[in-house]
Amino acid sequence: MPESTVILDATAIQRALARVAHEIAERNENGAEVVLVGIPAGGVPLAQRIGSALSDIWKHPVPIGNLDVSMHRDDLDRRAAPKIHPTVMPFDVTGKTVVLVDDVLFSGRTIRAAMDALNDFGRPKKIQLAVLVDRGHRELPIKADFVGKNVPTAPEEKIHVRIGEKDEVTLERK
């Protein structure tokens, strides 16, 4: 029977996202050039929350999109039919600083797929990465620019992020 431990409750998630938003604002002086792009499913609600916090900081709305990476993954031949999410990019990414937002950074393969997919929408000036949880175990040379919490894990452990009615992040050990 798997054992599950809460590593971030709703208050800790809110605090982590506020910190990430402030770090994004500090690193990007020209907020008008910044757009947020959430990776479904977990990164989309996080991008919306970070975008709201950035709007309060910068005193103007921050464009938010979401980018399906399913068809850009390098493991398509090993998976059942991919679950396709709609891509919504209501802005041109060319010349912008794109902050990719995801819930958990693990192997780095989803982020590589996101960068490939992003190229279909233009050529950003810069791409940055914000994640709620970085659990290590990279298979590609990808590092997050903004991290809510670093959680060292064993490869067989799982991180579950729930955002919605009950916000929490749990670590599942087998």
Side-chain angles (χ1 to χ4, degrees), residues 6-69 87-119 121-153 159 161-164 167-171:
V6 175
I7 55 175
L8 290 172
D9 62 11
T11 303
I13 291 171
Q14 182 179 347
R15 212 173 23 248
L17 293 177
R19 187 177 67 259
V20 165
H22 279 89
E23 290 174 5
I24 291 169
E26 287 173 14
R27 194 162 313 162
N28 296 287
E29 291 181 18
N30 187 356
E33 290 183 359
V34 175
V35 298
L36 300 177
V37 176
I39 299 172
V44 174
L46 298 175
Q48 292 165 343
R49 290 187 185 187
I50 292 169
S52 176
L54 284 171
S55 294
D56 291 344
I57 294 167
W58 283 327
K59 306 298 184 217
H60 64 77
V62 176
I64 301 170
N66 56 295
L67 179 65
D68 181 64
V69 302
T87 291
V88 178
M89 297 290 274
F91 45 80
D92 184 6
V93 301
T94 302
K96 299 288 188 184
T97 295
V98 175
V99 180
L100 289 173
V101 181
D102 204 3
D103 53 357
V104 179
L105 178 57
F106 182 38
S107 69
R109 293 184 180 277
T110 299
I111 303 308
R112 188 219 41 90
M115 290 189 291
D116 285 351
L118 193 58
N119 286 330
F121 295 92
R123 187 174 188 269
K125 175 181 173 185
K126 188 186 312 182
I127 299 174
Q128 297 173 338
L129 175 59
V131 298
L132 180 59
V133 176
D134 183 345
R135 61 172 290 195
H137 304 287
R138 231 55 95 240
E139 295 173 5
L140 299 173
I142 291 175
K143 181 177 189 268
D145 299 282
F146 313 103
V147 178
K149 184 169 181 74
N150 287 293
V151 180
T153 63
I159 298 279
V161 176
R162 291 175 192 83
I163 301 294
D167 292 353
E168 72 177 8
V169 177
T170 57
L171 173 63

Original post:
Which heavy atom of Pro124 sits nearest a heavy atom of Val98, and at what distance?
Top reply: CB-CG2, 3.8 Å
**OP:** Return yes if some donor-acceptor pair links the side-chain N/O of Ser52 with the main-chain N/O of Gln48 below 3.5 Å, else return no.
**Re:** no
**OP:** Working to the nearest 0.5 Å, report the span between CZ of Phe106 and CZ of Arg135.
**Re:** 4.0 Å
**OP:** Answer yes or no: are there more than 12 heavy-atom neighbours, outside Glu139 itself, under 6.0 Å from its atom CD?
**Re:** yes
Subject >> Thr94 (side chain) donor-acceptor with Gly122 (main chain) under 3.5 angstrom >> reply: no
Subject >> Considering all heavy atoms, the nearest Leu100-Met115 contact >> reply: CD1-CG, 4.1 Å
Original post:
Is the closest side-chain heavy-atom distance between Ile111 and Ile39 below 4.5 Å?
Top reply: yes
**OP:** Write down the atom of Trp58, the atom of Asn28, and the distance for their closest heavy-atom approach.
**Re:** CZ2-O, 3.4 Å
**OP:** Evaluate the criterion side-chain contact (heavy atoms from CB on, under 4.5 Å) for residue pair Val151 and Leu8; output intermediate values, then yes/no.
**Re:** CA-CA 10 Å; Val151 180; Leu8 290 172; over 6 Å; no
Subject >> Note, Lys149 side chain near Val169 side chain (heavy atom, < 4.5 Å) >> reply: no
**OP:** Kindly indicate, with the supporting measurements, whether the criterion side-chain contact (heavy atoms from CB on, under 4.5 Å) is fulfilled by Arg162 and Thr170.
**Re:** CA-CA 8 Å; Arg162 291 175 192 83; Thr170 57; 3.3 Å; yes
Original post:
What is the minimum heavy-atom distance between Asp145 and Ile127, and which atoms define it?
Top reply: OD2-O, 4.4 Å
Subject >> Closest non-hydrogen atom pair, Phe91 against Pro63 >> reply: CD2-CB, 3.5 Å
Original post:
Hey, what do you get for NZ (Lys96) to CG (Asn30), rounding to the nearest 0.5 Å?
Top reply: 8.5 Å
Original post:
Ile13 versus Ile163: any side-chain heavy-atom pair under 4.5 Å?
Top reply: yes
Original post:
Counting N and O atoms only, with roles assigned by atom type, does the side chain of Thr87 sit under 3.5 Å from a partner on the main chain of Asp68, one being a donor and the other an acceptor?
Top reply: yes
**OP:** May I ask you to check whether over 12 heavy atoms, not counting those of Gln14, lie within 6.0 Å of atom CD?
**Re:** no
Subject >> Gap between atom CD1 of Ile142 and atom CG of Asp134 - 0.5 Å precision >> reply: 11.5 Å
Subject >> From Ile7, Val133, Val6, residue fulfilling side-chain contact (heavy atoms from CB on, under 4.5 Å) relative to Leu171 >> reply: Ile7
Original post:
Atom CD1 in Ile57, atom CD in Glu26: separation rounded to 0.5 Å?
Top reply: 8.5 Å
Original post:
Would Val20 and Val101 satisfy side-chain contact (heavy atoms from CB on, under 4.5 Å), going step by step from the backbone distance to the final call?
Top reply: CA-CA 11 Å; Val20 165; Val101 181; over 6 Å; no
**OP:** Would you name the heavy atoms of Leu118 and Leu67 that are closest together and state the gap between them?
**Re:** N-CD2, 3.8 Å
Original post:
Quick one: CZ on Arg138 to CG on Leu105, what's the gap to the nearest 0.5 Å?
Top reply: 3.5 Å
Original post:
Considering residues at least two apart in sequence or located in another chain, which fulfil the ring pair (Phe, Tyr, Trp, His ring centres under 6.0 Å) criterion with His22?
Top reply: none
Original post:
Got a second to check how far Arg27's CZ is from Gln128's CD, nearest 0.5 Å?
Top reply: 6.0 Å
Subject >> Flag side-chain contact, heavy atom, 4.5 Å: Phe146 against Ile50 >> reply: no
